[in-house]
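Remember, predicted model here, so these are calculated numbers, not experimental data.
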Amino acid sequence: MRVCFRSSVQPALIDEYRRRHAAVWPEMLQALKDAGWNNYSLFLAPDGLLVGYVECDDFDAVRARMALTEVNARWQAEMASLFENTEDPGQAPDEGFQVLEEVFNLDSQLAAAGSR
């Protein structure tokens with residue numbers, strides 16, 4: 001499945017967010033891969049809007065697998081101060097992702113059109 005999600009980085013901390021993501025810990029990268037996060041990308045707008053894209057078997061399942069790792073707990077703690085306040089201040093940044101509905105996919109529509 002393809003998943004797109006949004007979150008929000010504090011505008012004053014965008015440079016720090018970029019710096020941390022320029023050199024993600026190798027053990028975090030491996031944990032993401034092992035948990036099933038494939039073709040994972042993050043996109044950041046100048047106002048702090050963060051949009052993520054990932055391909056995975058099941059988004060809830062890959063997040064649950066990451067939640068079991070010690071490195072993810074450390075990473076989330078490191079990143080928490082960079083995000084806009086959520087309704088639940090004890091919530092890890094990755095728990096606050098708002099999943100966006102996919103309303104168009106070129107490949108799907110081309111396949112459907114070809115089968116007509």
Closest approach of [X] to [Y] (non-hydrogen atoms, all atoms of both residues):
X     : Y     : result
Ala45 : Ile14 : O-CD1, 3.9 Å
Gly36 : Cys56 : O-CB, 3.4 Å
Ala80 : Pro93 : CA-CG, 3.6 Å
Glu84 : Pro11 : OE2-CD, 3.0 Å
Cys4  : Val51 : SG-CG1, 3.5 Å

* Asked: Heavy atoms, side chains only, cut-off 4.5 Å: are Asn72 and Asp94 in contact?
  ->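 Side chain of Asn72 against side chain of Asp94, heavy atoms only: contact under 4.5 Å found.
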* Can you find a heavy atom in the side chain of Val62 that is under 4.5 Å from one in the side chain of Val54? ->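 Not in contact.
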What's the spacing between [X] [atom1] and [Y] [atom2] if we round to 0.5 Å?
X     : Y     : atom1 : atom2 : result
Ser41 : Glu55 : OG    : CD    : 9.0 Å
Arg19 : Leu13 : CZ    : CG    : 11.5 Å
Leu82 : Ser8  : CG    : OG    : 11.5 Å
Phe83 : Gln76 : CZ    : CD    : 7.5 Å

* To do: Just do the side chain to side chain contact (heavy atoms under 4.5 Å, CB included) check on Trp75 and Val24 with the steps written out, would you?
  => CA-CA 9 Å; Trp75 181 261; Val24 173; 3.9 Å; yes
* Between Ser108 and Asn105: side-chain donor-acceptor atoms closer than 3.5 Å ->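 A donor-acceptor contact under 3.5 Å links the two side chains.
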Would [X] end up clustered with [Y] when hydrophobic side chains under 4.5 Å apart are linked, directly or stepwise?
X     : Y     : result
Met1  : Met66 : yes
Tyr53 : Leu42 : no
Leu29 : Met79 : yes

* **Residues that, via side-chain heavy atoms closer than 4.5 angstrom, fall in one hydrophobic cluster with Phe104** =>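 So far as hydrophobic clustering goes, Phe104 is joined with Leu106, Leu110.
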* For the residue pair Phe97 and Phe5, does the interplanar ring angle fall in the parallel (under 30°), tilted (30 to 60°) or perpendicular (over 60°) class? ->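 Correct class here is parallel.
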* Between Asn38 and Lys33, is a side chain to side chain contact (heavy atoms under 4.5 Å, CB included) present by the stated rule, with each step listed? -> CA-CA 7 Å; Asn38 300 303; Lys33 195 62 167 170; 3.2 Å; yes
* **Partner set under ring-ring contact (aromatic ring centres under 6.0 Å, His included) for Tyr40, not counting sequence neighbours** =>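 With neighbours one apart ignored, the set is Trp37.
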* **From CA spacing to verdict: salt bridge (charged side-chain N to carboxylate O under 4.0 Å, His left out), Glu78, Arg74** => CA-CA 6 Å; Glu78 286 277 322; Arg74 284 191 293 121; over 6 Å; no
* Asked: Are Arg65 and Asp57 close enough for a salt bridge, meaning some N to O gap below 4.0 Å?
  ->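 Between Asp57 and Arg65 there is a salt bridge, with a charged N closer than 4.0 Å to a carboxylate O.
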* Which residues satisfy the side chain to side chain contact (heavy atoms under 4.5 Å, CB included) test with Arg6, sequence neighbours excluded? ->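 Per chain and number, Arg6 pairs via side chain to side chain contact (heavy atoms under 4.5 Å, CB included) with Leu49, Gln98, Leu100.
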